[in-house]
There are 2 protein chains.
Amino acid sequence: MLAEIITIGDEILIGQIVDTNSAWMARKLNSEGIRVKQISSVSDDRQHILNALAEAKERADIIFITGGLGPTKDDITKQTLAEYFNVKLVLNNDALNNVLSIFKRYNRPLLEVNRKQAEVPENCEIILNNNGTAPGMWFNADGKIYVSMPGVPFEMMYMMEEAVIPKLKQVLKLPVIIHKTILTVGEGESFLAEKIADIENDLPDNIKLAYLPKMGQVRLRLSAYGNGETSLNDDLEAFAARIVDRVGTNVVAQEDTPLEKVILNHMADKGLTLSAAESCTGGYISHLITQHAGSSQVFLGGAVTYSNDLKENILGVKNETLYQFGAVSQETATEMVEGALRQFGSDYAVAITGIAGPGGGTEDKPAGTVWIAVANTNKTVTKKFTFSNKRAQNIERSAIAAFFMLITLLKETEM
Amino acid sequence: MLAEIITIGDEILIGQIVDTNSAWMARKLNSEGIRVKQISSVSDDRQHILNALAEAKERADIIFITGGLGPTKDDITKQTLAEYFNVKLVLNNDALNNVLSIFKRYNRPLLEVNRKQAEVPENCEIILNNNGTAPGMWFNADGKIYVSMPGVPFEMMYMMEEAVIPKLKQVLKLPVIIHKTILTVGEGESFLAEKIADIENDLPDNIKLAYLPKMGQVRLRLSAYGNGETSLNDDLEAFAARIVDRVGTNVVAQEDTPLEKVILNHMADKGLTLSAAESCTGGYISHLITQHAGSSQVFLGGAVTYSNDLKENILGVKNETLYQFGAVSQETATEMVEGALRQFGSDYAVAITGIAGPGGGTEDKPAGTVWIAVANTNKTVTKKFTFSNKRAQNIERSAIAAFFMLITLLKETEM
């Protein structure tokens, strides 16, 4: 079963927003055995939308359309769908009641443009929008399914989860796709490929291997395609086991889990706690950790000590250390991580101090110079990194490097 | 001048990664007067890539292709481009030297697959890759330009900035597009549209207005298309001024700036400092602030006090306050923000305490209950929010709400 996603809106084409909807939808659809054949982003332009629909119909069985359902002039998806299907727009009572109830809830007057949001092409079934005024729409035409949803992420997500996916399961006989991801660290894509070349050659036609590199990590993704054979999962697991065995210590997880979640899961299992002392990462490490539900079981908190004063006051870094060695030094990183352990009372701590850039560097310590320390009550490990002068990249790389160091220390100590 | 972006790779189509490259490229191209007509994500599949190239050629003058240039089996972009242009792959000496120098720098043995990265279709000009082994490629064919680059974001970005954009400027006579963005807060899309309907009706054909809503904010983007008339900018500014005047106090900035950057710029101008005390946002607010170069001029740092102990130890929240009113309360938020001012010595502070969810809620305080406090040395303002039970959304909304409150307090006090 093949799908195509069409996102409508100039904001994507001028790069003002990143299209996160498509990735989310693709992930959902894949896990239900629906393969996304193409994702197309097109402009709020009648002819362009009509062309995109016609092209998608040739490639896919189900066409998902997001965006262009707002109340303003540049939103023309609904009219264009009506034109595509050669039908009229009609007022839908359920959609109107939803609009009315939303305006009542917020006690705001209903404008004519809002009432228009309840008009839909007459050949569609509406999908109620619990989080907004624009209804979703489901069309059956010429043996294809078309689903049009708002571009606002949480409105679309709610519709997909509550209405669209359940309905697709009802009306379609879906094939089976299973993915298995192996997360590796510290080894490049081509070296991994060389290492497991013979295993890759042994893969049957219905199992594919993809290399997904991302800043110091490579995800190896095995995908098995089938029609419900019970052996599919066994086959996949057998190949995964061979790869894990071959790659060895570079394997960090046998699931598609973010690095920091691997740490959280492991530490939660062992009843360990963590704190962070961040300078150049400015809260990013804490954010990566705390974005995960349940992180409070492990993560006590930490400090973002951008200024030297805060390094002294919160973490107890000595004034003479800062003066003698500088804020970006092995000595300061060590005192930061040991200060975090002491002040925050955690079993493990991580500390980062560096020059995120692009400015602020010196000849001795150019932008991108970063000292990272990880520690438990028995051992402190420090390491210096020299990244680039790109701020966002340096913050990201520092976080990944810190997590690597923490995993390594945890492995040594606790595994 | 129209462009199309084709991203190649199954990882986007199964939703394992979000396509941030296209948004970045689109923004760059737009600012140079090149409009992106369509963005298409296709799979690592020969026929599918050939079709996408053929379709793009019908729509666009310049076709940008990213991805599929890695050394592994699933990377087939190069072979497919050679087939598309009906040419052979040949070894390129400059590209080979680049590969050799990278392997020498890291002192690693060169594998056959790495050497193959220096092979390119014989009709291309290569674009040197300073950050990796896969060369970029520039093709001129049938009056169209094709540019193929790696999918690794920083490799692609470097090539675009250093080689591709300069070369495009050299060989093309580019038209002019000017954008002007007005950032508004606290008013919905349809109300804004109603408020400025007559101004929108007055817009000439070559000026477009788009509404870009995003969690409590709406960006109004005016785009003027022209061929170098000197009046283009004046026309755009005149319409912008009318809109700004009409929308009034909901206008926060007259440029496309993130909310927190508006705050940073303003505080830097006034020589003011800021600190943060975060519980449920877990470092996200600090991260949003510190991602901006120069933020250290304003931001001293802060605390991520996930545990109650840290709220007491770092911020000086009273134990009896936590006991009597709970960690998520007006009283705790007040003591957190005042503790931040006192302990961190900043002119302004922001504090957030809440239940990010999805778990952890009670009947009294369901997940999504958030107390936010902002303060300067003369005034503390607190406000309660009731969001949903979606963790990521609650963290994002809390940050936006905190920044709104801070801007409002700054406006009252300093503007």
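Below, read A as the first sequence line, B as the second, and so on, with proteins coming before strands; counting in each chain starts at 1.
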Among [options], which residue forms the greatest number of heavy-atom pairs with chain B at distances under 4.5 Å?
options                     : result
A:Asn114, A:Val36, A:Val152 : A:Val36
A:Ser307, A:Ser41, A:Ala3   : A:Ser41
A:Asp74, A:Leu29, A:Leu300  : A:Leu300

Using heavy-atom distances under 4.5 Å, tell me whether [X] contacts chain B through its side chain, its backbone, both, or neither.
X        : result
A:Asn51  : neither
A:Ala293 : both
A:His292 : backbone
A:Asp309 : neither
A:Ile12  : both
A:Lys208 : side chain

Between [options], who has the most heavy-atom pairs with chain A when the cutoff is under 4.5 Å?
options                               : result
B:Ser43, B:Ser223, B:Ala303, B:Ser190 : B:Ser190
B:Phe191, B:Phe154, B:Phe299          : B:Phe191
B:Ile314, B:Ile395, B:Val113          : B:Ile314
B:Thr305, B:Thr20, B:Leu111, B:Val42  : B:Leu111
B:Ile6, B:Leu288, B:Thr72             : B:Thr72
B:Pro71, B:Gly302, B:Ala193           : B:Gly302

Test item: A:Thr290 side-chain N/O and B:Gly282 main-chain N/O as donor-acceptor pair under 3.5 Å: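 Here the side-chain-to-backbone pair exists.
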Main-chain N/O of B:Ile14 paired with A:Arg27 side-chain donor or acceptor, under 3.5 Å: no
Heavy-atom contact with chain A under 4.5 Å, split by part of [X]:
X        : value
B:Glu11  : both
B:Pro109 : both
B:Lys390 : side chain
B:Arg35  : neither
B:Leu212 : side chain
B:Gln38  : both
B:Ala210 : both
B:Ile5   : neither
B:Leu209 : backbone
B:Thr281 : backbone

Please name the pair of heavy atoms, one in [X] and one in [Y], separated by the smallest distance, quoted to 0.1 Å.
X        : Y        : result
B:Ala26  : A:Gly15  : CB-N, 3.6 Å
B:Gly294 : A:Arg391 : N-NH1, 4.5 Å
B:Lys37  : A:Asp45  : NZ-OD1, 4.4 Å
A:Gln343 : B:Asn313 : O-ND2, 4.2 Å
B:Leu13  : A:Asn30  : O-ND2, 3.4 Å

Rounded distance (nearest 0.5 Å) linking atom CG of B:Asp19 with atom CD1 of A:Ile39: 8.0 Å
Spatial distance of atom CG (B:Leu310) from atom OG (A:Ser275) [nearest 0.5 Å]: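 The CG atom of B:Leu310 sits 7.5 Å away from the OG atom of A:Ser275.
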CD/A:Glu161: more than 12 non-hydrogen atoms of other groups inside 6.0 Å: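 Atom CD in A:Glu161 is packed in, count exceeds 12.
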B:Lys195, NZ: over 12 other non-hydrogen atoms inside 6.0 angstrom: yes
How about [X] and [Y]: do any of their side-chain heavy atoms sit closer than 4.5 Å?
X        : Y        : answer
B:Val18  : A:Val18  : yes
A:Ser286 : B:Tyr306 : no
A:Glu189 : B:Asp75  : yes

A:Glu278/B:Val304 under side chain to side chain contact (heavy atoms under 4.5 Å, CB included): CA gap, chis, key distance, verdict: CA-CA 10 Å; A:Glu278 303 188 59; B:Val304 179; 5.7 Å; no
B:Glu55 bridged to A:Arg59 by N-O distance under 4.0 Å: yes
Ring geometry between A:His287 and B:His287 (parallel below 30°, tilted from 30 to 60°, perpendicular above 60°): parallel
Side-chain donor-acceptor pair present, B:Gln16, A:Asp256, cut-off under 3.5 Å: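 Present: a donor and an acceptor within the cut-off.
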